[in-house]
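Read the structure below first, then the notes.
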2 protein chains.
Amino acid sequence: MANIQQVAQKAGVSVATVSRVLNHATSVSPKTRLKVENAIRELNYEPSMLGRNLRNSESRLLLVLLPSISNPFYTEVINGIQNTAIANSYNILLCETDSNPQRENIYFNMIKNKLADGVISMDPTVNMQKLNELAESHPVILCSEYEEGGSIPYVTIDSELAAYQAVKHLIKLGNKKIALINSDEKFLYSRQRRSGYERALQEFDLPIRDEWIYHTKDLEFQNGVQAMRMLLELEEKPTAIFAVSDTLAIGALKGINGSGLHVPNDLAIVGFDNISFSNMTNPTLTTVSQPMYKMGVTAANMLIMSIKGEQVESIVLDHDLIIRESTMG
Amino acid sequence: MANIQQVAQKAGVSVATVSRVLNHATSVSPKTRLKVENAIRELNYEPSMLGRNLRNSESRLLLVLLPSISNPFYTEVINGIQNTAIANSYNILLCETDSNPQRENIYFNMIKNKLADGVISMDPTVNMQKLNELAESHPVILCSEYEEGGSIPYVTIDSELAAYQAVKHLIKLGNKKIALINSDEKFLYSRQRRSGYERALQEFDLPIRDEWIYHTKDLEFQNGVQAMRMLLELEEKPTAIFAVSDTLAIGALKGINGSGLHVPNDLAIVGFDNISFSNMTNPTLTTVSQPMYKMGVTAANMLIMSIKGEQVESIVLDHDLIIRESTMG
DNA sequence: CAGAAAATTGTAATCGATTACAAATATGAT
DNA sequence: ATCATATTTGTAATCGATTACAATTTTCTG
């Protein structure tokens, strides 16, 4: 791989001139430009990002932190981020932390080391203290999960309201015994969705029973299956389920299918996220649709503004309740 | 962010000494080491990857090229890659090409520019010519999709055999009219799976009918639904389906569910990949299980060996036919 | 055609690390 | 105490680009 010196030599000019041809084409005569361009072509030269970044302190790379790519929720968000990034001549690097603090550290260092210009964190398990430290001197945006009262700008939806509406939908269908399959309440979205669930129940004078609130460890299908099994073993079984994630809801659906009960006749289910698979299940899943693509676009735009040094404000996007077969009893 | 000069100054030593403390601790007296370590701590110093990489021509970063993260097949493979990489103090960068040549180029340049030490490509749409050029001077490994007779080492499974076994399983169940939902035959795996499909049919003297072979554009669920709709409109309907991807098979399942027919009684289905969804459908999906995690581990090990300059041989891993409800008629 | 102004090109410092080589210091032998 | 040797430390070149400033060439003006 040729370097700028070799190009300069071949073209019979100085490295400065080559650099000028490469960048803001200020004052290079047509003849010289041609000579240089030929030399570049002949040598198959491509400028080194390393040298360039070192000098410019800019990499035009954006880091995207996510706990795991196995949750399809992230897919669409990433699409939005990537398209926006590319439109602004940035590129993205997907970083799976697996909720592992050591990996997280590695990626934080990439930012500190100018290997990337900023981060979008979608990781609810992120170490907020470290992220806040990083955010003092580097552009950081939170996407989906955020910190209440924190100083890092975020883009998210109103989880509490969405949960409230989802549960209200179940109530309007005549359900009085509504269970919640929640994830770990150390996550903000989890607390918010529970809060929306409780608000709806209270508003209609329905009981909030602890045994109808199940907490899962992860968001895998299997956790949903497990949750459903527990709920079906109760003496007083719920007639409807609200799960805080489609993956859990789909697992729950599977759990019910194996039990002889019928969805939606015996049990109605609402999920959350509107992942593409939620339209493939039998029955199809009623769910809260997050504007995932738009969320990604917004997060990327915010980050790019932040990199430019502009002030950015947090944004709450709209959601939708998508009614499908699992609540059409 | 402090640099090595500031640390040197604070510790009252030269930059060389600081560098020595940082790296191979050759000949640094305990006193000096302590001074330097204190300075590092006080300044919160972290060495710049940029400077280091520029000098060392090494980034300890591995690129993983994939067409789209929306296909869950890749998830497990990536896990294997990542764990192996980290065990060897490498990190991975996930790069979604979206089958877009321009994006591909960007990532190829990262390699050329020493921003990454090697690539694992899982992208069947990758520009093989460019990849071959890259492979002449840089470590490259192909994972899953590969080039027959090519010079780039790969890790894969025997797609032809797997398809043959899957279709044979359908035949043994008594099916005589077996359709194939294939993807685009510009992909090697697609041609191989078709070939296995045909071999099985021929072996049992069953007809190979063009109208029973459907080609999809992508591997999204919706493509499977579409394919199934077409197949169900045929005068002579198949009694069994082999789809080259679980996503297609799941879409097909959905297509059948909407038609009043019953799986597996009226129609049996076999998929390919054993993605986690395939166990959540109703009925659950019979499928060919690829050793995804192991494939990732193997690819990463091969790449790391290749980076070290060692010769690596291509590997074909074993697969399994997982029999579930969709063929238990 | 001389001289001023404008356009073009080159020189050299810089970004932050590593490392060969040289210099300084410490240790040991007599 | 002196010299040889071993250990530790420093100096300066290097990786590949960018860019302020200086130097050169071209163009324009009278």
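Atoms considered below: every heavy atom in the structure, side chains included; atoms not considered: hydrogens, waters and symmetry mates. Below, chains carry the letters A, B, ... as their sequence lines are ordered, and counting in each starts from 1. What you see is a predicted model; the values in this text were computed from it and never measured.
If you take OH on Y90(B) and CD1 on I304(B), they are separated by 6.0 Å, rounding to the nearest 0.5 Å. Going from atom CG of L115(B) over to atom CG of L61(B) covers 8.0 Å, rounded to the nearest 0.5 Å.
Contacts of L50(A) with the nucleic acid, taken as non-hydrogen atoms under 4.0 Å apart, are absent. At the heavy-atom level, S19(B) lies under 4.0 Å from base atoms of the strands shown.
By the 4.5 Å heavy-atom criterion applied to side chains, E96(B) and L65(B) are not counted as neighbours.
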So V126(A) and T97(A), side chain to side chain contact (heavy atoms under 4.5 Å, CB included) or not? Walk me through it.
-> CA-CA 9 Å; V126(A) 76; T97(A) 63; over 6 Å; no
CA sep, side-chain torsions, deciding dist, call: K130(A), E104(A), salt bridge (Lys or Arg N to Asp or Glu O under 4.0 Å) = CA-CA 10 Å; K130(A) 285 213 162 193; E104(A) 200 176 84; over 6 Å; no
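For the residue pair N53(B) / S59(B), no side-chain donor-acceptor distance below 3.5 Å is found, with atom types taken as modelled. Checked by atom type, the side-chain pair N83(A)/Y293(A) shows a donor-acceptor distance below 3.5 Å.
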Kindly give the atom pairs (protein nitrogen or oxygen, nucleotide nitrogen or oxygen) under 3.5 Å for nucleotides 6-10 of chain D.
| from | atom 1 | to | atom 2 | distance (Å) |
| --- | --- | --- | --- | --- |
| dT9(D) | OP1 | S29(B) | OG | 2.9 |
| dT9(D) | OP1 | T32(B) | OG1 | 2.0 |
| dT9(D) | OP2 | S29(B) | N | 2.9 |
| dT9(D) | OP2 | T32(B) | OG1 | 3.3 |
| dG10(D) | OP2 | S14(B) | N | 2.8 |
| dG10(D) | OP2 | S14(B) | OG | 3.2 |
| dG10(D) | OP2 | T17(B) | OG1 | 2.8 |
| dG10(D) | N7 | R20(B) | NH2 | 2.7 |
| dG10(D) | O6 | R20(B) | NH1 | 3.3 |

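For DNA chain C, the span of nucleotides reached by chain B at under 4.0 Å from its heavy atoms goes, 5' to 3', from dG16(C) to dT19(C).
Counting all heavy atoms, side chain and backbone alike, V312(A) lies closest to S306(A) at CG1-N, 4.1 Å.
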